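Just so we're on the same page: letters track the sequence lines, and every chain starts at 1. No experiment lies behind these values; they were computed from the predicted model shown.
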There are 2 protein chains.
Amino acid sequence: MYTGSVTSELRTVLGDLISVNNRLTRLAASVSGNTESPAIWRTIVVLRDLGPMRLGELARVSRVSQPTMTKLVHTLDERGWIRRIADAGDARAWLISADPSGLAALAAWRDEVTAALEPTFDDLSDDEIATLAASVEIVRSRLERAREALREGKSA
Amino acid sequence: MYTGSVTSELRTVLGDLISVNNRLTRLAASVSGNTESPAIWRTIVVLRDLGPMRLGELARVSRVSQPTMTKLVHTLDERGWIRRIADAGDARAWLISADPSGLAALAAWRDEVTAALEPTFDDLSDDEIATLAASVEIVRSRLERAREALREGKSA
DNA sequence: CAGTATACATAGCCAAGCTATGTAACTATC
DNA sequence: GATAGTTACATAGCTTGGCTATGTATACTG
């Protein structure tokens, strides 16, 4: 009786994507030891891919609130995984930069998680792997687009 | 100096998949109002897809600890989104079942999230949508496999 | 130089995750 | 059929990630 729902094919696949992601995340967390949290890695990934940036921009790009990012940056700083560089010309701001040790920790975590998941996925055909890789690129490009939209919304 | 890391193509794509999922989850959370948490919906999805089951099995299938599931079920029960049915023949156990109102709430949430995400994805080609759909099915089949492995580990 | 806007920090809350432990019920053994 | 072990769920207590509201210091602007 869902009179209002226009379940286009796109909408359906987006919903399924979110749902299956959600379950995959739990699988990844449970098969690997994984004491460290996703938020930490997400933050380092953003810094690695986009380079040093201010805390506020890091929060916007990561899609979390500024106070949440302050906490994450604090945690990362304690572990020595990022560096805080005073922003010359604005004494209020910091440039947050990924530390090499943070990148190494990220790589180690990836190794652990993918090793733990591998047995579950090890009979995928080359085609299937290519399909997954293509999907990753599709989603990545849309995340990038959303980021651009954010920047324009900012400046406009 | 990552002497041990065999970065096979599969491992690479799995790592990218986890990473991009992580960012997509934040995007979905931020573009939709989304006060409700992913764990709630994940639980209802499992119940919808696999039918009523005991709390402990629900925890295992959802890949969370039993106490975590006790809390989730409590929350779901308060909202009237599941039903607890006494297990005839075992007074310790409950059968947890998705309530129609929970399924409706799930559908409503999906509608909201996909509507909010749609603008970011609305220029995907049919091929790209098909690629995403195929990936969803691949991952879903592996989640199913992991679940079977769990059952066998249980009974063995 | 006064007032407003901006950048980050702090306070305080809630939910989701965990481990350790408790309680009640089932099972099996003698 | 009491007793011991096991199982199913609940409770306690902790950490982290997320939020809003607010504080403080710096920058900008009239």
Side-chain angles (χ1 to χ4, degrees), chain A residues 22-23 25-46 52-79 81-96 109 154-155, chain B residues 22-23 25-44 46 52-79 81-82 84-96 109 154-155:
Chain A
N22 207 337
R23 291 177 61 193
T25 298
R26 286 307 312 153
L27 178 63
S30 64
V31 295
S32 68
N34 186 14
T35 67
E36 219 62 64
S37 73
I40 292 293
W41 308 123
R42 187 179 60 232
T43 305
I44 299 179
V45 164
V46 168
M53 67 184 76
R54 290 181 173 193
L55 191 145
E57 195 190 349
L58 185 53
R60 280 189 298 274
V61 171
S62 298
R63 298 276 173 174
V64 299
S65 68
Q66 171 261 307
T68 295
M69 187 49 70
T70 295
K71 277 201 273 187
L72 286 171
V73 164
H74 186 70
T75 303
L76 284 161
D77 199 23
E78 279 178 343
R79 284 170 179 57
W81 290 351
I82 53 112
R83 273 176 296 184
R84 308 177 70 123
I85 302 158
D87 188 335
D90 190 338
R92 297 167 304 176
W94 301 91
L95 283 178
I96 312 297
W109 169 76
K154 250 297 162 193
S155 58
Chain B
N22 207 337
R23 291 177 61 195
T25 298
R26 287 306 312 153
L27 178 62
S30 65
V31 297
S32 69
N34 185 15
T35 68
E36 219 62 64
S37 71
I40 293 293
W41 308 122
R42 187 179 61 232
T43 305
I44 299 180
V46 169
M53 67 184 78
R54 289 179 174 195
L55 191 146
E57 195 190 350
L58 185 53
R60 281 189 298 275
V61 171
S62 298
R63 298 276 173 175
V64 299
S65 69
Q66 173 262 308
T68 295
M69 187 49 70
T70 294
K71 275 202 275 187
L72 286 171
V73 163
H74 185 70
T75 302
L76 284 161
D77 199 22
E78 279 178 343
R79 284 170 179 57
W81 289 352
I82 52 113
R84 308 177 69 124
I85 303 158
D87 188 337
D90 190 339
R92 297 167 303 176
W94 301 92
L95 283 178
I96 313 296
W109 169 76
K154 250 295 161 193
S155 57

Could you check how far [atom1] of [X] sits from [atom2] of [N], rounded to whole Å?
| X | N | atom1 | atom2 | result |
| --- | --- | --- | --- | --- |
| B:K71 | D:dT16 | NZ | C1' | 12 Å |
| A:E57 | C:dC8 | CD | C1' | 15 Å |
| B:D77 | D:dC9 | CG | P | 14 Å |
| B:L72 | C:dC18 | CG | C1' | 13 Å |
| A:H74 | C:dA11 | NE2 | P | 12 Å |
| A:R54 | C:dA9 | CZ | P | 13 Å |
| B:L95 | D:dA8 | CG | P | 13 Å |
| A:N22 | C:dG17 | CG | P | 9 Å |

Nearest-nucleotide wise, let me know which of B:R79 and B:Q66 is further upstream toward the 5' end of DNA chain C.
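The answer here is B:R79.
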Phosphate contact ([N] OP1 or OP2) by [X] side-chain N/O below 4.0 Å:
| X | N | value |
| --- | --- | --- |
| A:T68 | D:dC19 | yes |
| A:R92 | D:dT24 | no |
| B:R60 | D:dC9 | no |
| A:R42 | D:dG18 | yes |
| B:T70 | D:dC9 | no |
| A:R84 | C:dA9 | yes |

Pick base, sugar-phosphate or nothing for B:L58, based on heavy-atom distances below 4.0 Å to the nucleic acid.
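Touches nothing.
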Over all strands shown, is B:P67 touching base, sugar-phosphate only, or nothing at heavy-atom distances under 4.0 angstrom?
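Touches a base.
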Please compare A:A39 and A:G89 by the position of their nearest nucleotide in DNA chain D and report the one closer to 5'.
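Final value for this comparison: A:A39.
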DNA chain D: 5'-proximal contact among B:D90 and A:A91 (nearest heavy atom):
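Closer to the 5' end of DNA chain D: B:D90.
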A:A93 has a side chain; which of D:dC9, C:dA7, C:dG17 sits nearest to it?
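From the listed options, C:dA7 comes nearest.
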Checking contacts here: which listed nucleotide (C:dG17, D:dC9, C:dC8) is nearest the side-chain heavy atoms of A:W94?
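So the side chain of A:W94 is nearest to C:dC8.
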Nearest 0.5 Å, what's the CZ-OG distance between A:R42 and A:S62?
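Answer for the CZ-OG pair, A:R42 versus A:S62, is 6.0 Å.
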To the nearest 0.5 Å, what is the distance between CG on B:L72 and OG1 on B:T43?
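Atom-to-atom, B:L72:CG and B:T43:OG1 are 4.5 Å apart.
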Mind listing the closest non-hydrogen atom pair of B:A59 and B:S65 along with its distance?
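So the two residues come closest at CB-O, 3.8 Å.
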Tell me, do A:R79 and A:E36 make a side-chain contact under 4.5 Å, heavy atoms counted?
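Answer yes - side chains close enough.
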In the structure I gave you, are the side-chain heavy atoms of A:L76 and A:W81 within less than 4.5 Å of one another anywhere?
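Answer yes - side chains close enough.
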Does the pair A:D87/A:R92 count as a salt bridge with the N-to-O cut at 4.0 Å?
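Salt bridge between A:D87 and A:R92, a charged N being under 4.0 Å from a carboxylate O: no.
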